[in-house]
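Note that this is a predicted model, so its numbers are computed, not measured.
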Amino acid sequence: MTTLRKTQTTDIVGVELGLTFNDGTIIPNINTAAITRIILTADSYHLRSITVHYANFEAPTHGEFTGRQTELSLAPGEYFATVEGYLHSNVVSKITFVTNKGRILEPPGQMVFMSSFKWGPFEPGMGLLYFVGKEDGHIRKLKATFGMYADKPDHPRSIVYEKQVSTAPAQLTRFAQSLMSPTVTLLVGADKILFNTSQHVLCRLPFFRAALQGQFREASEQSLTMPEDEPQNIAAMIEFLYTSNYTYQYGTDGDSDIGCPAPALAEGLYHVGVYATAHKYDYDSLAKAALENFVYVLRHLKGMEVMRLWKAAYAENLQLGDIEGHGKLEKFKRYLPKWLKELYTEQRAEVEAMAVEYPLFMSDLLRLLVM
């Protein structure tokens, strides 16, 4: 395991304007808060937003997520060793990140500036931890904390310890048992798309355990027909059972250099479907993962795409109350009044139609407005 051995806080740049943010106060565990990716957006003249992803946590977007996007995901052992930037008209107009491997992340566009700052490189092993600052749609004030971790003696991370089960064949692990397990056939959707998977893995879920290990016909045949389910959602559930992750396959027109396109409505709808499937089969950890992904996409959509995504969510019983108190929702709540006003002005008929179809959604929105 690791522990934070040493930190260094930079000087402050910018002015006292806007709302304060401090990622250091919302990181769940600073000892595991390794940055994995940073996303920047910018218009032609100014940096507009910074979003920092950690290994098990994502800080809220600082600034307004608009303009062209660029990002950099870190490789194992890589960290941001240097941060430098420029200010213009009381705004951080440009920021550049350089890793210990020499890779560079900076926003697109031609930036204007009047003064500059540079933080790092410090001593070897010291990388960016988190930001503190002020923002009002632009980054107005900024400082950073860098840190160095020291490894503490522990068991290798590649090993998962598992309590021995005396009744297991040859005292095999659960993973090894899954390889020896009978194969179950699932015929999913109207077209009966065929999935073959391990009975041992699938029976971790109560529904399948009852169906495949009980007195039903499916138990003797080791086959299930699931005409009401969507194949892509069942595929996500099975993948999560094996790997604790699931994959979203976006179209070939995704605009990204690293295989991770900007979030879009189609991705949000996909996560809604996965969430609904997880609830149907009482798979809480998958529901939580789908909810995390849904909120991430929600925060990056605009206009009627937000309304259409919520419409699909409420149809599947995913409601605002399910993500209330979620750290990633704070950005959404902050701009909610402005967003509602613009939305109602531009798409009045569709907003009013949804208010009639899903009155609970509109009451939830109004409740958020007065919180």
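- Taking the side chain as every heavy atom from C-beta outward, L186 and D229 never approach each other to under 4.5 Å.
- For the pair L291 and L318, the minimum side-chain heavy-atom distance is below 4.5 Å.
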Using the side chain to side chain contact (heavy atoms under 4.5 Å, CB included) rule, take Y130 and N22 through it: C-alpha gap first, then chi angles, then the decisive distance, then the call. CA-CA 8 Å; Y130 60 85; N22 184 344; 3.9 Å; yes
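- Residues E78 and N100 share a closest heavy-atom pair of CA-OD1, 3.3 Å.
- Transitive grouping of hydrophobic side chains (ILVMFWY, heavy atoms separated by less than 4.5 Å) keeps Y79 and I50 in distinct clusters.
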Could you go through the ring pair (Phe, Tyr, Trp, His ring centres under 6.0 Å) check for Y275 and H271 one step at a time? CA-CA 6 Å; Y275 178 87; H271 297 314; over 10 Å; no
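- Formation of a donor-acceptor pair under 3.5 Å by the R37 side chain with backbone atoms of S73 is not found in this model.
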Please lay out, stage by stage, how E106 and T70 fare under the test side chain to side chain contact (heavy atoms under 4.5 Å, CB included). CA-CA 7 Å; E106 60 183 3; T70 186; over 6 Å; no
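- The hydrophobic clustering, which links ILVMFWY residues whose side-chain heavy atoms are closer than 4.5 Å, places L194 and V184 apart.
- Taking the six-membered ring where the residue is Trp, Y246 and F240 present tilted rings, their angle falling between 30° and 60°.
- Hydrophobic clustering of Ile, Leu, Val, Met, Phe, Trp and Tyr side chains at less than 4.5 Å, counting indirect connections, unites I26 with L129.
- Here the side chains of K141 and L17 are not in contact, with every heavy-atom distance at 4.5 Å or above.
- Here the side chain of E239 pairs a donor or acceptor atom with the backbone of T247 at under 3.5 angstrom.
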Run the side chain to side chain contact (heavy atoms under 4.5 Å, CB included) test on L224 and L212 for me, step by step, so that the C-alpha distance in whole Å, both residues' side-chain angles and the decisive distance to 0.1 Å come before the verdict. CA-CA 9 Å; L224 282 172; L212 298 170; 4.2 Å; yes
W119 and F97: ring pair (Phe, Tyr, Trp, His ring centres under 6.0 Å), yes or no, with the steps? CA-CA 10 Å; W119 301 325; F97 298 84; 9.3 Å; no
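- Taking CG of L105 as the start and CD1 of I39 as the end, the distance is 10.0 Å to the nearest 0.5 Å.
- Among all heavy-atom pairs drawn from A290 and V274, the shortest one is CB-CG1, 4.0 Å.
- Taking the six-membered ring for Trp and thresholds of 30 and 60 degrees, F122 and F146 have ring planes more than 60 degrees apart, a perpendicular arrangement.
- Rounding to the nearest 0.5 angstrom, the gap separating the CG atom in L74 from the CZ atom in R103 is 6.5 Å.
- At distances below 3.5 Å, at least one donor-acceptor pair connects side-chain atoms of T10 with backbone N or O atoms of A144.
- Under the rule for a salt bridge (charged side-chain N to carboxylate O under 4.0 Å, His left out), E316 has no partner lying at least two apart in sequence or in another chain.
- A donor-acceptor contact shorter than 3.5 Å links the side chain of R204 to the backbone of L241.
- L202 contributes atom CG, which lies 11.5 Å from atom CG of N196 (distance to the nearest 0.5 angstrom).
- Hydrophobic cluster membership is shared by L72 and V83, with clusters built from Ile, Leu, Val, Met, Phe, Trp and Tyr side chains linked at under 4.5 angstrom.
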Test log, rule side chain to side chain contact (heavy atoms under 4.5 Å, CB included), inputs E357 and K311: CA-CA 9 Å; E357 187 174 2; K311 184 175 182 179; 3.2 Å; yes
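- The two residues V297 and A264 have their closest heavy-atom pair at CG1-O, 3.5 Å.
- A side-chain hydrogen bond (donor to acceptor under 3.5 Å, both in side chains) with D136 is found for exactly one of H138, K134, R140, namely R140.
- Summarising the geometry of A278 relative to A287, their closest heavy-atom pair is CB-N, 3.4 Å, with the distance given to 0.1 Å.
- For N245 (side chain) and A289 (main-chain N/O), no donor-acceptor pair under 3.5 Å exists by modelled atom type.
- Between the CG atom in L40 and the OG1 atom in T61 there is a gap of 10.5 Å [rounded to 0.5 Å].
- In this structure, I12 is not a member of the same hydrophobic cluster as F131, with clusters built from ILVMFWY side-chain heavy atoms closer than 4.5 Å.
- Residues Y54 and D23 bring no donor and acceptor atom of their side chains to less than 3.5 Å of each other.
- Atom CG of L360 and atom CG of N317 lie 9.0 Å apart (nearest 0.5 Å).
- Considering every non-hydrogen atom in both A312 and V272, the closest pair reads O-CG1, 3.8 Å.
- Remark: Y86 OH to L47 CG distance equals 13.5 Å, nearest 0.5 Å.
- Between the S89 side chain and the V91 main chain, no donor and acceptor come within less than 3.5 Å of each other.
- Annotation: side chain of F117 is in contact with side chain of L87 (closest heavy-atom distance under 4.5 Å).
- Side-chain contact between K280 and M237: absent, with no pair of heavy atoms (C-beta onward) separated by less than 4.5 Å.
- S223 and T185 are not linked by any side-chain donor-acceptor pair at a separation below 3.5 angstrom, with hydrogens and angles left out of the test.
- Residue Y270 comes nearest to A236 through the heavy atom pair OH-CB, 3.5 Å, listed as atom of the first residue, atom of the second, then distance.
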